[in-house]
Amino acid sequence: MSPPDSRIIAAIQNPALSEPEFNALALETLAHQFAHNAPYRRYCESLGVRPDSVGRWQDIPAVPQNAFKEFDLCTFPPQNAVKVFHTSGTTAQTPGRHFLETLDLYEISVLEGYDRTFRSAAVPPPETFAILAPDPKEAPHSSLSHMFDVWTRYFAPRGSRWFWQGGILDFTTLIDALEMAEQFEQPVFLMGTAFSFVHLFDECERRPARFKLPPGSLVLETGGYKGRSRKIPKRELYGLFDSVLGLPDAACWNEYGMTELGVQFYARGAEGLHTVPPWARVALINPSTGQEVTVGETGLVRIYDLTNRSSVLGIQTEDAAIRHENGFRLLGRISRASARGCSIAADDLLSMTPPATGNREPTTS
Amino acid sequence: MNTLERAQLLEQTLRTFPQMGMITAGDLLALVEKELGHREALDGFFEYARSGGLTIRSRAIPPASIIHICAGTLANPGILSLCFGLLLGSRNHVKLPSAGCPELERFLRELPASLQAMVEAGPGPFDYSAAGAVIVYGSDETVAAIRRQVPARTPFLAHGHRLSYGIVFREAATATTAHCAAWDASAYDQQGCLSPHDIYVQEGGELSPAQFAAAVAKAMQTVHEGGRCPGLSEKRSLGESAAILQVRSAYRFRAANDPRVVLWESPGSDAWTVIHEEDPQFATSCLNRVLFIKPFRDPVEIVAATEWVRPLVSTVGTAPVEKLSPDLQRQLGAARICPLGHMQSPPLLRHHDARPHLADLVTWLDREE
């Protein structure tokens with residue numbers, strides 16, 4: 001029996017959602033997904049888990065993130081999806097696909113996330129957005145573009161512009177827009193992938209160009225580099241926000257989210273912790289024991305998200321983080337080992353891709 | 001000190017390193033004879049050949065100095081590399097891995113003083129321009145980074161990334177062979193380039209490939225508990241454990257949805273993992289005793305399935321070994337074929353990564369008399 005989406009929406013909008021309320025909704029969602037998501041049910045059964053055997057959200061089986069690449073993980077016929085988000089990555093890799101039965105839960109989560117993170121601040125966020133990502137027409141399967149699009153509809157009455165066009169960043173128009181913002185002291189909210197900001201900084205160095213964006217301006221960076229630009233450490237990236245755009249550390253935010261989830265986590269400044277909104281839980285797992293780590297320890301990020309009612313509630317990521325009382329400090333993908341010999345492990349072979357084969361299709365039953 | 005004396009001193013030290021295969025002075029001299037043509041080739045002139053009425057007398061000259069760059073994951077190749085340098089009579093500079101390598105350090109400590117005087121060990125950096133030869137074990141990135149610093153005329157022996165696998169023909173698909181496979185995949189925690197990532201098992205034998213996989217899983221636990229297999233550790237870094245968890249959870253999900261996929265794991269730990277899947281494509285392991293078992297009917301299927309890793313193939317452990325023809329060996333691109341169960345204990349008198357141990361390092365003085 002699934003909780004009606006209206007109850008989940010009410011939970012997302014309830015800042016005082018209690019632990020028992022979250023737990024109850026999570027268990028109802030498990031029962032729904034067990035009943036209607038066949039690959040997930042078979043996974044639960046293989047682990048000896050049935051909805052009536054679980055009493056705590058922590059014991060709900062989490063699906064490895066990669067399973068979205070091989071299985072249609074949804075509680076409804078995938079052809080009925082109102083939206084399918086695809087993971088990005090190299091072209092040689094099969095994308096993960098997240099099928100949504102309704103956009104309501106996703107969009108409410110996205111809007112609440114923005115509201116809680118940016119609109120609760122003493123200084124309201126700018127109402128002009130500069131988006132360093134393709135718009136949804138150009139990237140219809142990008143959850144990031146969809147999220148920015150939802151935000152622009154609700155929170156950017158003074159206008160938004162998408163500066164990623166035809167697969168490239170439109171530097172001339174973007175730099176013009178930044179000059180205008182500086183000149184007319186019009187705060188701007190820059191948002192986009194980390195690699196698009198690196199492209200912008202490289203272009204600014206080439207010209208050269210530097211800005212002092214007016215107070216109240218913000219920047220939100222997200223996502224990995226995925227080989228799209230040189231990779232730079234977070235602290236260095238935030239240093240460039242300061243030196244090239246004139247944005248202090250407190251005006252710079254990171255968003256940690258993924259195609260397979262409706263919830264996002266935000267951290268302020270280069271050293272900020274990511275916080276968890278009431279409709280989600282993050283458990284950091286010791287990979288050796290499968291148990292949650294204690295405060296101060298490092299574990300792999302496992303996320304439970306009520307927004308994912310029509311797919312799977314719990315997802316085991318490959319990212320590591322340090323547990324804190326009030327959130328987590330994201331470390332990202334961790335390397336397998338510091339010292340290696342002449343043997344070669346799977347990680348080292350990413351540049352060599354095996355030809356695709358056909359027998360990883362799930363069996364039907 | 002002549003070659004015989006150096007070989008005898010090396011034997012003394014190697015006695016306390018049984019994992020090296022109990023190498024004797026006689027073995028080392030046999031290697032010199034095999035590769036350089038005479039046991040005393042390094043000590044003086046010997047009759048090398050006769051041609052055109054002349055006798056050619058030759059003497060092998062070792063490099064004055066050798067820099068050995070050793071990998072941190074496995075001590076054996078570094079120990080052996082140093083043994084060869086000492087056997088040749090060269091001065092040896094050993095780069096110790098930054099994370100340490102206790103067995104290599106013990107070997108250095110236990111060398112007799114007269115051999116220790118021929119060795120300098122430390123973290124570096126080294127003056128590659130002054131080296132007589134450079135030997136590198138490590139990742140392709142390490143090899144490439146050092147190669148750039150070594151003058152073009154200096155002998156440079158690189159042992160970069162390699163991987164290995166096994167083939168079990170139907171007549172050998174038994175529990176005994178499964179134990180051999182488990183031994184090879186367990187030794188040194190699968191860190192070496194001789195460690196199998198996959199075992200291909202031919203259908204139609206006493207055990208089906210899936211049954212063979214179950215027997216390997218059982219044997220992995222036996223080997224784990226037995227205490228005789230070298231280099232076993234349960235100490236995993238967070239990254240290593242995360243990689244194992246990732247593989248296990250992905251295959252657990254597949255196994256739940258595909259009866260052709262089966263996963264076995266060490267109970268309550270990430271010591272070992274065995275995965276049976278029908279996908280013939282060569283699967284690279286995350287190492288640390290994670291082994292794939294795959295079925296085949298005709299060996300040509302393996303040729304196709306391993307094509308994408310062919311340049312990296314080191315050893316193919318085979319049961320029975322005589323079943324793998326020289327033609328198939330060529331097609332597989334395997335420099336070394338050996339019986340399954342012996343992958344991790346290569347004989348001294350063999351080629352390493354398709355090259356000799358000593359012959360590439362020496363130069364020759366000839367006298368035509």
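No experiment lies behind these values; they were computed from the predicted model shown. Just so it is clear: chains get the letters A, B, ... in the order the sequence lines come, proteins before strands, and each one is counted from 1.
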Contacts of His351(B) meeting ring pair (Phe, Tyr, Trp, His ring centres under 6.0 Å) (sequence neighbours excluded), chain-then-number -> none

Whatever's closer than 4.5 Å to a heavy atom in chain B on Thr289(A) counts as neither

If one checks every heavy atom of Leu331(A) against chain B at 4.5 Å, the contacting part turns out to be neither

Sequence neighbours excluded, the answer for salt bridge (charged side-chain N to carboxylate O under 4.0 Å, His left out) partners of Glu203(B) is Arg297(B)

In Tyr200(B), Tyr251(B), Trp264(B), the residue satisfying ring pair (Phe, Tyr, Trp, His ring centres under 6.0 Å) with Phe292(B) is Tyr251(B)

Across all chains, not counting sequence neighbours, the ring pair (Phe, Tyr, Trp, His ring centres under 6.0 Å) partners of His357(B) are Phe84(B)

Determine whether a donor-acceptor pair (N or O, by modelled atom type, separation under 3.5 Å) exists between the side chain of Asp184(B) and the backbone of Met343(B). yes

Rounded to the nearest 0.5 angstrom, the CD-OG distance for Gln19(B) and Ser345(B) is 12.0 Å

Scored by heavy-atom pairs under 4.5 Å with chain A, the best of Arg248(B), Arg252(B), Glu234(B) is Arg252(B)

Any donor-acceptor pair under 3.5 Å linking the side chain of Glu301(B) with the backbone of Asp298(B)? yes

Contact list (residues 59-69 of chain A to chain B, heavy-atom gap under 4.5 Å, by number) returns Val63(A), Pro64(A), Asn66(A), Ala67(A)

